[in-house]
Amino acid sequence: MQPAEIALAFFVAIVAILLIILIFVGLRLMRRLQDTPKPLTSGEPDAAYLVEKDRHENSLASLRDTAEEAARAVDEARAAAAAARTEAAAAKAEASAARAEARRILDAARAESEAVLERAHRQAEHDAEEARAAARRAGEREVAQLTAAAKEQTQDAERRQRRLDERERLLAEDAERLAERDRRITVTEADLSGRENALVEREAALADAEESRRRELERIAGLTAEVARAELIESIEAQAKREAALLVRDIEHDARATAEQRARHIVVDAIQRVASEQTAESVVSVLHLPSDEMKGRIIGREGRNIRAFESVTGVNLIIDDTPEAVLLSCFDPVRREIGRLTLEKLVLDGRIHPHRIEEVFDLAKHEVERLCQRAAEDALVEVGITDLHPELMTLLGRLRYRTSYGQNVLKHLVETAHIAGIMAAELRLEPAIIKRCAFLHDIGKALTHEVEGSHALIGADLARKYGESDEVVHAIEAHHNEVLPQTIEAVLTQAADACSGGRPGARRESLEAYVKRLERIEEIAGGKAGVEKVFAMQAGREIRVMVRPDDVDDIGAAVLARDVAKQIEEELTYPGQIRVTVVRESRVTEIAR
């Protein structure tokens, strides 16, 4: 039985059971209604009776409805059962047809499989026959290859045998030659042994003869070998000393002949190396502008104003991307100061054109001349000199704007004069003449841009021209050894000049060279073993080296200080002296409880 038929039968049974239960319940209710007692009186019916009656009638009505619904459900179930039976019959028919088709397909497949199996048997027999034929042919080929390989191996073995025979023959010949060589070596060794004995005897005879000759020479000369050796060494030493003295004299002569030329080359090389840096620091002035718009007004239409300014003042005006600043470049410091003052007045005034530039230049020139004259007068009053030629006073005033390695030349002259006066007073000499020599020793620097030659010789010519004494002239021309100093005034002028110029802080170097020197000093000290920290103090005049006390003892600290100082002397160039201080600190801390 199909699952659908089983489910349908089960459903019909459930519906029938429900219907039987409902009929049974309805019959019991009808029996109870028939058994209900009637009211005793014939008057109005009892209210409870009426209520109960209505309830029973409602129950009967609901039971009738339920029975009708159950009947309808039974009819529907019967209809469904009939449809199910119809479908089951159709399904049985389809199943029968499917079984018949399956049998037919199975029979066809069985017949086809038998045909395929038959064809496979025939193909297998054919393939096996072909395989047997291929195996037979492969076996024949292998047999032929093995036969050929065996022949080749036989031939190879025969060739090897022939080579072995040849090698044995050669080895036999080599053995014979080696035996012959051994016999010759034995004979040669015997001969060499005889010769060696003869040589030993001959050397002994020669030693005896040499001893006899030495004793004979000592007897004839009356000297022993040690005395003769000493006399020979003494004579050779004297000759060597004489030749060394001649060589030293020749070397000194050549050195004197070439020293001046080599010195010039060295100075020229030094000038070539530092010319650009020194020039950039000493020939440029900077003027700050209120705004960048002023640069256009300074240049003017088609560069008219800047050309007029450079033509009138003789100062090159450099206008670049530097914000709110222009550069003035000129070798003459006085002319550069006049140009700077002219441009400053033009910027303040705001009116910039060629005619106005000429007017302001004249005003600035007179103002600078007045400033120079006042600076010269103040310097003379400070030094205590009153009888100086007006032209020399004018030249001294120009030195207000001249610097040497960052040191103002006019202030340097005043300082040199004071130092020379103090030294003259200590030596009980006349201070006035020596202060005059020291004050005028660099007067030639005022004309170094106009007159060729050394400033010492130019200053001496100026002093001679304007009536200075011979002592002053000689001190000026000899303060840099262009002329050998012959007087006390010249020597004291040199000393005072060196004191003023060598004072720490008097003259400056370029910032880059200064920083590089400090960095190199710290690198030298920091590269030593046991160094913890390095401090460059007092503008590089003193080095404090902090060492680890566990790695460096007191003796090591002294050695470290000497090594650092020696390396600084060998590698660096600096004015004055540098003090190296090694600090070694040990601390022990205990807490009392």
Side-chain angles (χ1 to χ4, degrees), residues 255 259 262-263 265-267 269-278 280-282 403-409 411-412 415-416 418-420 422-423 426 479-481 491-590:
R262 291 186 64 186
H265 285 304
I266 293 172
V267 172
D269 290 340
I271 292 173
Q272 181 182 5
R273 291 180 182 178
V274 303
S276 59
E277 298 178 2
Q278 182 62 29
E281 293 179 0
S282 59
T403 59
S404 177
Y405 293 98
Q407 185 181 25
N408 185 274
V409 177
K411 293 181 179 179
H412 166 64
E415 186 176 323
T416 305
H418 288 312
I419 295 172
I422 293 171
M423 289 190 294
E426 292 293 332
H479 78 277
H480 280 318
N481 290 322
V491 175
L492 291 180
T493 301
Q494 283 185 340
D497 183 23
C499 291
S500 177
R503 174 176 58 83
R507 297 185 176 183
R508 62 175 172 84
E509 303 172 280
S510 65
L511 178 60
E512 183 179 1
Y514 171 73
V515 172
K516 285 183 178 179
R517 189 177 75 229
L518 290 184
E519 290 178 352
R520 182 54 188 158
I521 290 174
E522 293 184 351
E523 287 178 2
I524 290 173
K528 303 297 182 182
V531 175
E532 183 177 5
K533 295 180 182 179
V534 180
F535 300 98
M537 307 174 66
Q538 297 181 3
R541 301 290 178 177
E542 182 177 357
I543 304 298
R544 296 282 179 88
V545 183
M546 314 295 290
V547 299
R548 292 184 289 272
D550 296 336
D551 299 338
V552 181
D553 55 6
D554 292 338
I555 298 176
V559 174
L560 177 63
R562 186 176 65 251
D563 292 342
V564 172
K566 185 176 180 181
Q567 189 172 355
I568 291 174
E569 290 177 357
E570 293 175 353
E571 297 185 9
L572 300 179
T573 302
Y574 50 89
Q577 61 185 10
I578 297 176
R579 176 181 297 175
V580 179
T581 303
V582 177
V583 179
R584 177 179 180 268
E585 182 182 14
S586 297
R587 293 186 181 182
V588 178
T589 304
E590 291 291 341

Please report the closest heavy-atom contact between A525 and I543, naming both atoms and the distance. CB-CG2, 4.5 Å
Using atom types as modelled, flag every donor-acceptor pair under 3.5 Å from a side chain in residues 553-563 to any protein atom, sequence neighbours excluded.
unit_1, atom_1, unit_2, atom_2, d
D553, OD1, G556, N, 2.7
D554, OD1, R584, NH1, 3.0

What's the verdict on side-chain contact (heavy atoms from CB on, under 4.5 Å) for V547 and E532, showing C-alpha distance, side-chain angles and the deciding distance? CA-CA 5 Å; V547 299; E532 183 177 5; over 6 Å; no
Are side-chain heavy atoms of T581 and V545 found at a separation under 4.5 Å? no
Give a yes or no on whether R579 atom CZ has more than 12 heavy-atom contacts from other residues, nucleotides or ligands under 6.0 Å away. no
Is any side-chain heavy atom of H412 closer than 4.5 Å to a side-chain heavy atom of D497? yes
How close do A529 and V552 get, counting heavy atoms only, and between which atoms? O-CG2, 4.0 Å
Output yes when E569 and K566 qualify as a salt bridge under the 4.0 Å nitrogen-oxygen rule, no when they do not. no
Gap between atom CD1 of I521 and atom CD of Q567 - 0.5 Å precision: 11.5 Å
Quick check: closest heavy atoms across D551 and G530, and the distance to 0.1 Å? CB-CA, 4.2 Å
If you define the side chain from C-beta out and look only at heavy atoms, does anything of M546 sit under 4.5 Å from V534? no
Does E523 reach the side chain of R520, with side-chain heavy atoms less than 4.5 Å apart? yes
Nearest 0.5 Å, please: how far is CD1 in I578 from CG in L572? 6.5 Å
d(T493 OG1, H480 NE2) to nearest 0.5 Å is 11.5 Å
Working note: Q494 + L492, criterion side-chain contact (heavy atoms from CB on, under 4.5 Å); need CA distance, chi angles, decisive distance, verdict. CA-CA 5 Å; Q494 283 185 340; L492 291 180; over 6 Å; no
